[in-house]
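Structure first, commentary second.
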Amino acid sequence: MAKRSKGRPVDGILLLNKPIGISSNKALQQTKGVYFAQKAGHTGALDPLATGMLPICFGEATKFTQFLLDTDKTYVVRAKLGERTTTSDSDGEIVSTKDVNVTREQLIKEIAAFVGESDQYPSMYSALKYQGRPLYKYAREGIEVPRKCRKINVFSLTFDEFDEVNNVIQMTAHVSKGTYIRTIVDDLGEKLGCGAHVVMLHRTAVGQYPAEKMVSLDEIEALLAKAKDEEVAPSTYLDALLLPLDTALVDLPVVEISKDQGSIFSHGQAIDLDIDLPEGAIKVVADGIFIGTGERNASGHLKVKRGLASQQDDYVKPE
């Protein structure tokens with residue numbers, strides 16, 4: 001007998017505004033429970049200290065999480081000058097304290113120097129894994145392990161304000177995937193000669209998703225209470241918050257095919273479109289409906305990369 005999945009089938013993407021003090025995984029589990037969803041995953045972890053945009057992918061949307069993991073991110077960050085910590089943020093222990101003697105002009109100049117491509121070593125307190133264990137677990141045991149240098153791109157890093165009384169600066173960073181803001185702040189502190197660590201980090205954007213589409217756990221709880229008062233199913237309000245699956249694929253080239261071709265595609269067969277297909281992943285739309293991603297095979301035909309199970313059920317295979 002086939003094992004039945006717990007929860008209901010929910011497909012879509014929720015832009016959760018993760019609160020401070022909980023891990024991304026805990027935020028995911030809470031949201032999954034509220035939606036009573038069979039399947040869910042997040043795209044790009046935020047530290048417990050960090051807040052902001054954490055896309056939660058439900059159901060079929062989990063097939064496309066990699067595209068959100070690979071996209072660029074935007075953050076607002078506040079950093080305390082004069083103190084360096086073990087974790088490069090306020091969750092760590094202070095390891096050095098120095099006087100702060102910097103001007104706004106110096107800050108602006110040093111911050112601007114981070115813009116562009118560079119190599120970055122991940123923090124030992126990151127969730128990256130070494131031999132199957134997260135780096136932060138080694139760090140907590142006082143063990144230093146090898147880390148691979150990453151090529152990152154800081155598209156922009158702007159100086160926003162400087163609180164000279166408390167020695168706190170605020171910046172806005174638009175960066176490529178895999179960029180550690182804590183590391184940038186730590187490096188900035190060393191360049192300034194006084195040390196620095198993150199005291200606030202808020203992610204405002206993932207790819208092209210706008211900040212105004214974010215929803216907090218408190219707002220979700222309020223909708224649950226409203227549904228209860230009105231004696232309607234929670235999904236009445238909760239599902240209206242979900243964005244379509246293909247919003248994760250806005251940067252992909254699009255190929256439009258007919259419904260009959262879509263039926264063939266959705267059943268795993270390659271189709272010849274008599275056009276030159278682009279390299280890499282392609283967003284496939286059949287008769288106006290998103291049916292998955294495809295790619296060019298060795299013969300130049302369009303083959304399935306990630307198909308939607310719902311479309312396999314909905315389409316009828318031609319005779």
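None of these values were measured; they are calculated from a predicted model.
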Tell me, do Glu219 and Asn17 make a side-chain contact under 4.5 Å, heavy atoms counted?
no
Test side chain to side chain contact (heavy atoms under 4.5 Å, CB included) applied to Leu273 and Ile257, step by step
CA-CA 8 Å; Leu273 298 177; Ile257 58 180; 3.7 Å; yes
State the CG-NE2 distance between Asp272 and His301, to the nearest 0.5 angstrom.
3.5 Å
Is Leu188 reachable from Tyr180 through a run of I, L, V, M, F, W or Y residues, each pair having side-chain heavy atoms under 4.5 Å apart?
no
Does a donor on one side chain sit under 3.5 Å from an acceptor on the other, for Asp72 and His174?
yes
Closest non-hydrogen atoms of Pro210 and Leu15, given as atom of the first, atom of the second and distance, are O-CD1, 4.2 Å
Contacts table for residues 224-253: side-chain donor-acceptor under 3.5 angstrom, sequence neighbours left out:
from	atom 1	to	atom 2	distance (Å)
Glu230	OE1	Tyr237	OH	2.3
Glu230	OE2	Tyr237	OH	3.2
Thr236	OG1	Ala233	O	2.8
Asp239	OD1	Arg8	NH2	2.7
Asp239	OD2	Arg8	NH1	3.1
Asp246	OD2	Lys283	NZ	3.0
Thr247	OG1	Tyr209	OH	2.6
Thr247	OG1	Pro244	O	2.6
Asp251	OD1	Gln208	NE2	3.0

If you draw a 6.0 Å radius around CD in Glu256, do more than 12 non-hydrogen atoms from other residues or ligands fall strictly inside?
no
Name all residues meeting the salt bridge (Lys or Arg N to Asp or Glu O under 4.0 Å) criterion together with Lys39; count only those two or more places apart in sequence or in a different chain, and write none if there are none.
none
Quick check for you: to the nearest 0.5 Å, what is the distance between Thr31 atom OG1 and Leu16 atom CG?
4.5 Å
N/O donor-acceptor pair under 3.5 Å between Thr293 side chain and Arg306 backbone
yes
Could you see if Phe114 belongs to whatever hydrophobic cluster contains Phe159? Use Ile, Leu, Val, Met, Phe, Trp, Tyr and a side-chain cutoff under 4.5 Å.
yes
Rounded to the nearest 0.5 Å, how far does CG of Leu157 lie from CD of Glu110?
11.5 Å
List in chain and number order the residues that pass side-chain contact (heavy atoms from CB on, under 4.5 Å) with Val100, two or more places apart in sequence or in another chain; answer none if no residue qualifies.
Leu81, Val102, Asn167, Cys194
Is there a side chain to side chain contact (heavy atoms under 4.5 Å, CB included) between Ile22 and Leu217? Walk through the geometry before answering.
CA-CA 12 Å; Ile22 65 172; Leu217 289 173; 4.3 Å; yes
Just by distance, do the side chain of Ser176 and the backbone of Asn153 share a donor-acceptor pair under 3.5 Å?
yes
Enclosure of Asp276 CG (heavy-atom neighbours >12, cutoff 6.0 Å)
no
Closest non-hydrogen atoms of Thr71 and Val206, given as atom of the first, atom of the second and distance, are CG2-CG1, 3.6 Å
Tell me whether Lys305 contacts the main-chain N or O of Gly280 through its side chain, where contact means a donor paired with an acceptor under 3.5 Å.
no
Taken to the nearest 0.5 Å, the spacing of Asp70 CG from Lys177 NZ works out to 4.0 Å
Side-chain donor/acceptor of Lys63 to backbone N/O of Gly59, under 3.5 Å
no
Just jot down the ring pair (Phe, Tyr, Trp, His ring centres under 6.0 Å) partners of Phe58, sequence neighbours excluded, or say none.
Tyr35
Please check if the side chain of Arg203 supplies one atom and the backbone of Leu46 the other of a donor-acceptor pair under 3.5 Å.
no
With hydrophobic residues grouped by side-chain heavy-atom distances under 4.5 Å, do Phe265 and Leu277 end up in a single group?
yes
Can you pull out every side-chain hydrogen bond (donor to acceptor under 3.5 Å, both in side chains) where at least one residue sits in residues 89-102? Sequence neighbours excluded, please.
Thr87-Asp89
What do the steps show when you test Val185 against Met171 for side chain to side chain contact (heavy atoms under 4.5 Å, CB included), and what is the final call?
CA-CA 10 Å; Val185 166; Met171 302 175 288; 4.1 Å; yes
If we count only N and O atoms by modelled type, under 3.5 Å, do the side chains of Arg78 and Gln170 hold a donor and an acceptor together?
yes
Closest approach of Ser88 and Asp186, non-hydrogen atoms and distance?
OG-CB, 3.6 Å
Any residue meeting salt bridge (Lys or Arg N to Asp or Glu O under 4.0 Å) with Glu83, in chain and number order, not counting sequence neighbours:
none
When rounded to the nearest 0.5 Å, the distance separating CZ of Arg104 from CD of Glu161 is 8.5 Å
So, are Lys151 and Asp119 salt-bridged, with charged N and O less than 4.0 Å apart?
yes
To the closest 0.5 Å, what do you measure between OG (Ser23) and CG (Asp47)?
10.0 Å
Does a side-chain heavy-atom distance below 4.5 Å link Gln120 with Thr179?
yes
Would you kindly confirm whether Leu69 and Ile56 end up in one hydrophobic cluster when ILVMFWY residues are joined by side chain heavy atoms under 4.5 Å apart?
no
Mind running side chain to side chain contact (heavy atoms under 4.5 Å, CB included) on Leu107 and Leu192 for me, showing each step along the way?
CA-CA 8 Å; Leu107 281 172; Leu192 295 171; 3.6 Å; yes
Only residue of Val255, Asp260, Leu302 satisfying side chain to side chain contact (heavy atoms under 4.5 Å, CB included) with Ile271 is Leu302
Quick check on the hydrophobic clustering: are Met200 and Ile169 connected, directly or via other members, by side-chain heavy-atom contacts under 4.5 Å?
no
